[in-house]
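Take a look at the structure set out below.
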Amino acid sequence: SGVAETAGLARSFETMRHDLLGYRQRMETAQQGLERRVEERTAELVLARDYLLKTNRNLTALNVIAATLGQSLDLSETLNAALGRTLEAVEAESGGIYLVGPDNDLVLTAHQGMPPESMVHLHNLAAQEGQEVADLTEEASASDNVCRRLASAQLRYPSLLCVPLKAKGRGLGVLFVADGKDGRFTPEDRTLLSSIAWLIALTVHNARLYDALQQEERTRARLLHHVIAAQEDERKRIARELHDETSQAITALMVGLDTTGLALAKSPQEA
């Protein structure tokens, strides 16, 4: 009976050992799973933090650019200042702003960071023959076409990003940024640049409306001046007529009446 008890006790200890080993393995598995979940959650939190930080930087950049666009009525000065802030926001080396010109071509209105030898190519970037610039700036693919033309203009920048300037449904130009690193710009950079382009396009639209209003005011002032001058000329003409014709006729009539009055005393019948 002692041997049986010893054997039973040994089996019990062996069972306990297996149970403890299994419990330990389950605990290790659970701990590893928990560690993986903690790492995954930490990575998610880091991504969320980075996203929030980047979003906050982008919003701050948009606010700064919006404030910059409202500081001056000089469009060229305003666009150059806004372009500088834009390059800081997307961390690009250089960039520029093309606006639709009076001859329906692209006019380089603002630029920063471009090498001097590239300026002649930038200034000569005209619209494609037979295609309206307004159409070029309507769609993203068209602005990408402008980017390809910029790339072929010997800019020597492996990374180019172009977005259209549109306001009130009209294409006003193209905003582009360039960098020496290949694959420099991300979809997030395009989204930010598109938001900046909307602010710039709205400023250009309002500036042109203001210029048109000023031109109308100058035209109205010239027309008013012509009307007043015409009225003054008419008054002078009437005054001359009164002096040269009417006043003389009245004077002759008064002399005639005086002569008739004198004749009444001498020869009433003749008078």
Side-chain angles (χ1 to χ4, degrees), residues 39-69 79-100 106 108-114 118 122 125 127-128 131 133-205:
E39 290 176 356
E40 292 172 356
R41 184 57 178 166
T42 301
E44 292 175 358
L45 291 174
V46 170
L47 290 175
R49 183 202 62 186
D50 293 342
Y51 175 78
L52 289 175
L53 290 175
K54 188 171 184 178
T55 301
N56 184 61
R57 288 196 299 269
N58 291 345
L59 289 174
T60 301
L62 287 174
N63 288 332
V64 170
I65 292 172
T68 301
L69 289 170
L79 292 182
N80 273 290
L83 179 61
R85 296 294 187 178
T86 300
L87 297 180
E88 293 176 3
V90 297
E91 298 179 353
E93 293 181 8
S94 57
I97 297 174
Y98 282 103
L99 295 182
V100 177
L106 291 174
L108 186 64
T109 308
H111 62 87
Q112 289 191 19
M114 289 296 177
S118 299
L122 292 173
L125 186 70
Q128 288 183 349
Q131 187 174 10
V133 172
D135 295 334
L136 283 174
T137 55
E138 285 295 336
E139 301 294 338
S141 59
S143 61
D144 290 340
N145 181 35
V146 173
C147 252
R148 286 192 292 271
R149 292 163 60 200
L150 285 170
S152 64
Q154 301 180 11
L155 293 183
R156 299 176 183 175
Y157 283 108
S159 293
L160 281 168
L161 180 59
C162 301
V163 293
L165 299 176
K166 295 192 299 182
K168 307 297 182 181
R170 295 183 56 192
L172 301 177
V174 174
L175 167 65
F176 74 91
V177 292
D179 196 86
K181 296 181 180 178
D182 194 14
R184 170 66 183 75
F185 301 114
T186 65
E188 290 77 13
D189 292 326
R190 176 178 286 276
T191 300
L192 175 59
L193 200 65
S194 296
S195 299
I196 295 173
W198 180 81
L199 291 174
I200 292 175
L202 192 61
T203 300
V204 172
H205 177 73

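Scope of the values below: all heavy atoms of this structure, side chains included, with no hydrogens, waters or symmetry mates.
Taking all atoms of both residues into account, the shortest heavy-atom contact from Gly183 to Ser159 is N-OG, 3.1 Å. The two residues Ala89 and Ile196 make their nearest non-hydrogen contact at CB-CD1, 4.4 Å. Taking each heavy atom of Lys168 and His205 in turn, the nearest pair found is CG-NE2, 3.4 Å. Closest approach of Ala92 and Asp179 over heavy atoms only: CA-OD1, 3.7 Å. Annotation for Val90 and Phe185: closest pair O-CE2, 4.3 Å, computed over non-hydrogen atoms. Nearest heavy-atom pair across Val163 and Ser194 is CG1-OG, 3.6 Å.
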Worksheet item: Under the salt bridge (charged side-chain N to carboxylate O under 4.0 Å, His left out) criterion, do Glu93 and Lys181 qualify, and how do the steps go?
Response: CA-CA 10 Å; Glu93 293 181 8; Lys181 296 181 180 178; over 6 Å; no
Item to complete: Could you please spell out the steps behind the side chain to side chain contact (heavy atoms under 4.5 Å, CB included) verdict for Asp189 and Glu91?
Response: CA-CA 9 Å; Asp189 292 326; Glu91 298 179 353; over 6 Å; no
Item to complete: Start with the C-alpha gap between Leu83 and Leu175, add the side-chain angles, then the distance that decides, and say whether side chain to side chain contact (heavy atoms under 4.5 Å, CB included) holds.
Response: CA-CA 9 Å; Leu83 179 61; Leu175 167 65; 4.1 Å; yes
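Side-chain contact between Val204 and Leu99: present, with at least one pair of heavy atoms (C-beta onward) separated by less than 4.5 Å. Here the side chains of Thr60 and Leu62 are not in contact, with every heavy-atom distance at 4.5 Å or above. A 4.5 Å side-chain heavy-atom check between Leu161 and Phe176 finds every atom pair outside the cut-off. In this structure, Arg41 and Leu45 have side chains that are in contact, with non-hydrogen atoms separated by less than 4.5 Å. For the pair Ile200/Leu172, no side-chain contact is recorded, criterion being any heavy-atom separation below 4.5 Å from C-beta on. Considering only heavy atoms from C-beta on, Leu87 comes within 4.5 Å of Val177 through its side chain. Put simply, the side chain of His111 does not reach to within 4.5 Å of the side chain of Ile97, judged on heavy atoms.
With rounding to the nearest 0.5 Å, the separation of CZ in Arg184 from CG in Leu160 is 12.5 Å. Here the straight-line distance linking atom CG of Leu192 with atom OG1 of Thr86 works out to 8.0 Å at 0.5 Å rounding.
For Gln112 (side chain) and Gly96 (main-chain N/O), no donor-acceptor pair under 3.5 Å exists by modelled atom type. Counting only distance, with no hydrogens or angles, the side chain of Ser94 and the backbone of Met114 share no donor-acceptor pair below 3.5 Å.
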